[in-house]
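So the structure is just underneath, and the comments pick up after that.
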Amino acid sequence: MLLEESVCLVTGASRGIGASIATRFAEEGATVYANARSEGSLDALCESNAGRRKGTIVPVYFDVCDAAGQKAAIMQIKKEQGRLDVLVNNAGIMKDSLIGMIDRSTVQATFETNVFSAIELMQLATKLMFRQGSGSVINMSSLVGVNGNRGQAVYAASKGAVISLTKAAAKELAPKGIRVNAVAPGMIDTDLFRSAGEEAVERFSSCIGMGRVGAPEDVADVCVFLASDLSRYVTGQVIGVDGSALM
Ligand SMILES: NC(=O)c1ccc[n+]([C@@H]2O[C@H](COP(=O)([O-])OP(=O)(O)OC[C@H]3O[C@@H](n4cnc5c(N)ncnc54)[C@H](OP(=O)(O)O)[C@@H]3O)[C@@H](O)[C@H]2O)c1
């Protein structure tokens with residue numbers, strides 16, 4: 001088991017990639033604080049396969065954009081566990097708009113959820129990690145943040161910011177024993193991907209070299225690697241999980 005005795009916080013774990021990361025971490029023996037914003041939305045995740053897992057999943061409800069909620073969650077982890085080994089900034093939103101149609105509220109909501117929350121949670125989490133002299137922060141970027149995509153200027157800019165944040169933080173935190181990496185998924189079969197609409201899903205899917213859309217577990221397994229000691233000398237990297245998607 002790769003994450004035995006690790007304490008992890010995974011944001012946006014009510015569904016999609018985040019739910020899969022929380023499940024895989026618990027299978028590897030971790031105590032996982034799984035975050036969601038709607039009370040009760042983690043019930044199914046906590047109950048599913050509870051007996052078969054070696055680790056545990058503990059729900060922590062807060063909106064990642066709410067500073068007080070972030071702080072309360074980190075304080076709860078500190079009180080209950082006294083440490084935090086892994087932070088996965090996974091929660092994210094995507095709203096497509098062509099240039100000329102972009103409104104300020106979309107930019108604001110996208111950056112608050114995808115970027116500001118990652119910066120703020122990283123600050124809080126690394127306070128605990130400093131004391132341990134170790135930790136791993138995993139930021140969810142996107143292939144769109146690396147390559148850009150038509151109609152996705154705002155989302156691409158937010159995911160590009162996540163990459164810059166990761167690289168800068170990795171440099172700053174390496175002397176403290178804290179690693180910071182980003183994952184850049186391509187097209188992964190979740191609600192977010194399907195929200196692009198049937199025509200777009202078909203068009204995107206035909207651009208994948210490996211001939212299939214990714215599964216949330218494909219991303220979760222890379223997160224297990226980045227969370228574990230297997231990646232102990234890996235920091236400041238952006239790991240693509242895209243089955244050779246062309247974009
Ligand atoms: N699927 C893809 O193809 C793909 C590709 C590249 C990158 N990504 C990235 O991977 C991450 C996960 O995406 P996904 O495909 O799993 O999306 P998803 O199925 O839409 O799930 C997004 C998750 O984020 C949560 N969330 C959103 N805003 C939140 C907030 N303010 N506070 C707390 N939780 C919040 C959602 O919670 P609710 O249930 O409350 O809405 C949900 O659990 C995102 O950062 C996304 O940008 C996805």
Side-chain angles (χ1 to χ4, degrees), residues 9-24 32-46 57 59-70 72-73 87-96 106 108-121 137-149 152 154-163 165-166 182-197 200-201 203-205 207-208 212-220 222-223 226 238-243 245 247:
L9 171 60
V10 180
T11 66
S14 59
R15 54 199 165 92
I17 293 170
S20 188
I21 295 169
T23 302
R24 283 292 292 116
V32 185
Y33 285 80
N35 153 258
R37 51 186 163 176
S38 315
E39 199 76 31
S41 61
L42 292 160
D43 287 355
L45 180 72
C46 293
I57 297 183
V60 270
Y61 291 105
F62 63 95
D63 187 316
V64 293
C65 302
D66 171 33
Q70 296 171 355
L87 166 67
V88 185
N89 282 313
N90 166 77
I93 57 170
M94 178 183 86
K95 190 176 168 205
D96 295 356
T106 300
Q108 207 148 352
T110 304
F111 274 76
E112 274 182 10
T113 310
N114 297 3
V115 186
F116 298 177
S117 75
I119 296 172
E120 288 162 357
L121 272 170
V137 178
I138 302 168
N139 294 323
M140 203 54 69
S141 180
S142 166
L143 178 61
V144 172
V146 179
N147 290 354
N149 194 28
Q152 296 196 308
V154 177
Y155 180 70
S158 75
K159 292 300 184 179
V162 167
I163 291 174
L165 165 68
T166 300
V183 177
M187 292 140 217
I188 309 297
D189 195 1
T190 66
D191 295 344
L192 180 135
F193 175 58
R194 299 213 161 265
S195 72
V201 163
R203 184 162 36 85
F204 288 147
S205 306
C207 305
I208 304 172
R212 70 167 176 92
V213 171
E217 295 72 27
D218 294 324
V219 181
V222 173
C223 293
L226 290 174
V238 183
I239 304 196
V241 187
D242 61 25
M247 189 169 265

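In listed order, ligands and their atoms are each counted from 1. Everything numeric in this text was worked out from a predicted model, so none of it was measured.
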Using a strict cut-off of 4.0 Å, indicate which atoms of ligand 1 neighbour a heavy atom of [X].
X: Thr113; value: 28 (N)
X: Asp191; value: 19 (O)
X: Met187; value: 3 (O)
X: Gly16; value: 16 (O), 19 (O)
X: Asp63; value: 30 (C), 31 (N), 32 (N)

Hey, is the main chain of [Y] close enough, under 3.5 Å, to the side chain of [X] for a donor-acceptor pair?
X: Lys159; Y: Gly148; value: no
X: Gln152; Y: Asp96; value: no
X: Asn35; Y: Gly12; value: yes
X: Tyr61; Y: Gly69; value: no
X: Asp189; Y: Pro216; value: no
X: Thr11; Y: Ala91; value: yes
X: Tyr155; Y: Asn149; value: no

Which distance, rounded to the nearest 0.5 Å, do you find between the [atom1] of [X] and the [atom2] of [Y]?
X: Leu165; Y: Ser158; atom1: CG; atom2: OG; value: 11.5 Å
X: Ile188; Y: Arg194; atom1: CD1; atom2: CZ; value: 12.0 Å
X: Thr166; Y: Met140; atom1: OG1; atom2: CE; value: 10.5 Å

Worksheet item: So Leu42 and Ile57, side-chain contact (heavy atoms from CB on, under 4.5 Å) or not? Walk me through it.
Response: CA-CA 9 Å; Leu42 292 160; Ile57 297 183; over 6 Å; no
Worksheet item: Taking distance alone, with no angle check, do Ile17 and ligand 1 share an N/O pair under 3.5 Å?
Response: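 Indeed, backbone or side chain, Ile17 has an N or O that close.
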Give the single entry among [options] that approaches [atom] most closely by any heavy atom.
atom: atom 5 (C) of ligand 1; options: Ser142, Gly186, Ala91; answer: Gly186
atom: atom 23 (C) of ligand 1; options: Ser20, Gly12, Ala196; answer: Gly12
atom: atom 8 (N) of ligand 1; options: Tyr155, Tyr61, Phe62, Phe193; answer: Tyr155

Worksheet item: If you measure from each heavy atom of Glu112 to ligand 1, is any distance below 4.0 Å?
Response: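 Checking ligand 1 against Glu112, which is what was asked, there is no heavy-atom contact under 4.0 Å.
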Worksheet item: Is ligand 1 less than 4.0 angstrom away from at least one heavy atom of Ser141?
Response: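 Checking ligand 1 against Ser141, which is what was asked, there is a heavy-atom contact under 4.0 Å.
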Considering only the protein, which heavy-atom contact is closest to [atom], and what is its distance?
atom: atom 15 (O) of ligand 1; answer: Thr190 OG1, 2.5 Å
atom: atom 17 (O) of ligand 1; answer: Leu192 CB, 3.3 Å
atom: atom 43 (O) of ligand 1; answer: Ser14 OG, 2.7 Å
atom: atom 10 (O) of ligand 1; answer: Met140 CG, 3.3 Å
atom: atom 3 (O) of ligand 1; answer: Ile188 N, 2.8 Å
atom: atom 6 (C) of ligand 1; answer: Pro185 O, 3.3 Å
atom: atom 18 (P) of ligand 1; answer: Arg15 NH1, 3.6 Å
atom: atom 32 (N) of ligand 1; answer: Val64 N, 3.0 Å

Item to complete: Give the contacting part of Asn90 toward ligand 1: side chain, backbone, both or neither, where contact means a heavy-atom distance below 4.0 Å.
Response: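 Answer for Asn90: both.
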Fill in: Non-hydrogen side-chain atoms of Val219 and Ser20 separated by less than 4.5 Å
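Val219 does not reach Ser20 side chain to side chain.
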